[in-house]
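It should be emphasised that the depicted structure is a prediction, and the values quoted were computed from it without experimental measurement.
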Amino acid sequence: HCILLSGPSGSGKTSVAMILQTKLECSSNDFKDINCADFRGIEMVRDIRRDMTMRPIAGPCRIWLIDECHRLSQDAQNAFLKMLEDTPSHVYFILSMTEPQRLIKPIHTRSTEIKFNALSVKLLTQLIQDVLKKEGKELSEEVVDRIVENCDGSARKALVLLDQVIEIEEEDDQLNAVM
């Protein structure tokens, strides 16, 4: 009942967590997203331990997505480990992180780990071309290549850059139409 998603930023970990939420038929009321950049102490783990004993509000399960969980303090990681040993059948934990080596080994061994990698140039190029096609937009091959070069293998970063480039292109088109 613990899935560990590890990989670089923008590689799809949170998107997979949302897909798992849908596949497990977890309602939005029973899905909690906690970012350990903000909450990383033992109190957060105690709050989860208290809440996980409650039955789901709607649907068959409750899910906690714990983002950047490698930032949990050592005490919080040890308390979390104890929780994993006594997890009710209706509870799932999805641990998302960019630095899995900072998480204590016993949590790794009690989790199903899915490793994400940065996307290849070929896959990023295909992603951008697919989005352009669906949006009915066109960009030169050179611009697509520049986006791919600047996104460090991150699908999210590629899409943000693509959105910015399309917006600039549209503004240029509007300006040219006025002149």
Side-chain angles (χ1 to χ4, degrees), residues 1-120 123-124 127 147-148 150-164:
H1 282 249
C2 185
I3 301 164
L4 195 149
L5 307 175
S6 65
S9 180
S11 61
K13 300 179 298 292
T14 302
S15 296
V16 167
M18 299 305 171
I19 292 168
L20 288 170
Q21 174 192 2
T22 301
K23 293 295 182 184
L24 291 170
E25 299 176 0
C26 179
S27 75
S28 59
N29 291 327
D30 293 316
F31 185 86
K32 306 294 181 212
D33 185 351
I34 300 169
N35 189 328
C36 289
D38 299 324
F39 305 100
R40 43 188 250 182
I42 198 163
E43 280 305 313
M44 187 257 316
V45 176
R46 287 182 181 140
D47 290 344
I48 293 172
R49 180 180 292 154
R50 183 192 65 240
D51 292 347
M52 76 180 200
T53 59
M54 292 183 249
R55 302 296 304 165
I57 295 169
C61 66
R62 300 187 79 189
I63 296 174
W64 276 267
L65 168 59
I66 304 176
D67 199 14
E68 298 300 334
C69 67
H70 62 272
R71 293 184 176 199
L72 287 171
S73 69
Q74 190 70 32
D75 288 341
Q77 287 189 40
N78 287 319
F80 188 79
L81 177 62
K82 178 64 178 148
M83 243 178 13
L84 289 179
E85 294 169 352
D86 301 323
T87 304
S89 61
H90 66 276
V91 171
Y92 291 89
F93 295 106
I94 301 173
L95 310 178
S96 175
M97 69 192 75
T98 55
E99 299 178 47
Q101 70 279 5
R102 290 181 50 195
L103 199 61
I104 61 174
K105 189 169 179 80
I107 292 177
H108 280 271
T109 61
R110 288 169 176 78
S111 305
T112 300
E113 185 170 5
I114 301 171
K115 294 181 181 181
F116 291 70
N117 296 312
L119 293 179
S120 68
L123 285 174
L124 285 167
L127 171 67
I147 292 171
V148 170
N150 286 291
C151 68
D152 304 320
S154 167
R156 178 178 56 222
K157 192 170 180 181
L159 294 173
V160 167
L161 290 171
L162 176 62
D163 189 45
Q164 291 171 348

Seminar exercise, completed: Interatomic distance, OG@S28 vs CD1@I63, rounded to 0.5 Å, equals 11.5 Å
Exercise. Hey, what do you get for OG (S111) to CD1 (I107), rounding to the nearest 0.5 Å?
Worked result: 7.0 Å
Seminar exercise, completed: Here the gap from I66 atom CD1 to L5 atom CG, rounded to the nearest 0.5 Å, amounts to 11.5 Å
For this session: Say whether, by atom type as modelled, one donor and one acceptor occur between the side chain of H108 and the main chain of P100 under 3.5 angstrom.
Result: yes
For this session: Supply the atom-to-atom distance L127 CG to L119 CG, rounded to the nearest 0.5 angstrom.
Result: 7.5 Å
Problem set entry | Partner residues of D163 under the side chain to side chain contact (heavy atoms under 4.5 Å, CB included) criterion, sequence neighbours left out | none
For this session: Could I get the full list of ring-ring contact (aromatic ring centres under 6.0 Å, His included) partners for Y92, not counting sequence neighbours?
Result: H1
Exercise. If you look at every heavy atom in I42 and D75, which pair is closest and at what distance?
Worked result: CD1-O, 4.0 Å
Problem set entry | Set of residues satisfying side chain to side chain donor-acceptor pair (under 3.5 Å) with respect to T98, sequence neighbours excluded | E68
Exercise. Heavy atoms, side chains only, cut-off 4.5 Å: are I94 and Q21 in contact?
Worked result: no
Problem set entry | Closest contact, heavy atoms only, L65 versus S96 | CD1-CB, 4.1 Å
Seminar exercise, completed: For Q77 and L72 the tightest heavy-atom approach is NE2-O, 3.1 Å
Exercise. What pairs meet the side-chain hydrogen bond (donor to acceptor under 3.5 Å, both in side chains) rule with one or both residues in residues 8-17, with sequence neighbours excluded?
Worked result: S9-R156
Exercise. So, do R62 and M52 sit near enough that their side-chain heavy atoms are less than 4.5 Å apart?
Worked result: no
For this session: Check whether any side-chain heavy atom of L103 lies under 4.5 Å from a side-chain heavy atom of L4, and answer yes or no.
Result: yes
Problem set entry | I104 and L81, any side-chain heavy atoms less than 4.5 Å apart | yes
Exercise. With sequence neighbours excluded, what pairs up with E43 under the side chain to side chain donor-acceptor pair (under 3.5 Å) test?
Worked result: R46
Without placing hydrogens or testing angles, list every side-chain donor-acceptor pair under 3.5 Å for residues 30-39, not counting sequence neighbours.
{"residue": "D30", "atom": "OD1", "partner": "I57", "partner atom": "N", "Å": "2.8"}
{"residue": "D30", "atom": "OD2", "partner": "S27", "partner atom": "OG", "Å": "3.0"}
{"residue": "D30", "atom": "OD2", "partner": "I57", "partner atom": "N", "Å": "3.0"}
{"residue": "D30", "atom": "OD2", "partner": "A58", "partner atom": "N", "Å": "3.0"}
{"residue": "K32", "atom": "NZ", "partner": "N29", "partner atom": "O", "Å": "3.1"}
{"residue": "N35", "atom": "OD1", "partner": "A37", "partner atom": "N", "Å": "2.8"}

Exercise. Which atom pair, heavy atoms only, marks the closest approach of C151 to A158?
Worked result: CB-N, 3.7 Å
Seminar exercise, completed: Heavy-atom nearest pair, S73 first then G41, reads OG-CA, 4.2 Å
For this session: Determine, stepwise, if the pair R49 / D86 fulfils side-chain contact (heavy atoms from CB on, under 4.5 Å).
Result: CA-CA 10 Å; R49 180 180 292 154; D86 301 323; over 6 Å; no
Exercise. Going from CG on L124 to CG on L161, what distance comes out if it is rounded to the nearest 0.5 angstrom?
Worked result: 10.5 Å
Seminar exercise, completed: Sorted by chain and number, sequence neighbours left out, salt bridge (charged side-chain N to carboxylate O under 4.0 Å, His left out) with D47 holds for R50
Problem set entry | All side chain to side chain donor-acceptor pair (under 3.5 Å) counterparts of D152, not counting sequence neighbours | K157
Seminar exercise, completed: Residues at least two apart in sequence or cross-chain that pass side chain to side chain contact (heavy atoms under 4.5 Å, CB included) with E25, listed by chain then number, are P60
Exercise. Is the backbone N or O of M18 less than 3.5 Å from a side-chain atom of T22, with the two atoms forming a donor-acceptor pair by type?
Worked result: yes
For this session: May I have all residue pairs that pass salt bridge (Lys or Arg N to Asp or Glu O under 4.0 Å) and include part of residues 99-114, sequence neighbours excluded?
Result: E85-R110, E99-R102
Seminar exercise, completed: Taken in chain and number order and not counting sequence neighbours, the residues that satisfy side chain to side chain contact (heavy atoms under 4.5 Å, CB included) with I19 are K23
Exercise. If you look only at pairs with a residue in residues 53-76, which of them pass as a ring-ring contact (aromatic ring centres under 6.0 Å, His included), with sequence neighbours excluded?
Worked result: W64-F93
Exercise. Between CD1 of I147 and CG of L162, what distance do you get to the nearest 0.5 Å?
Worked result: 5.0 Å
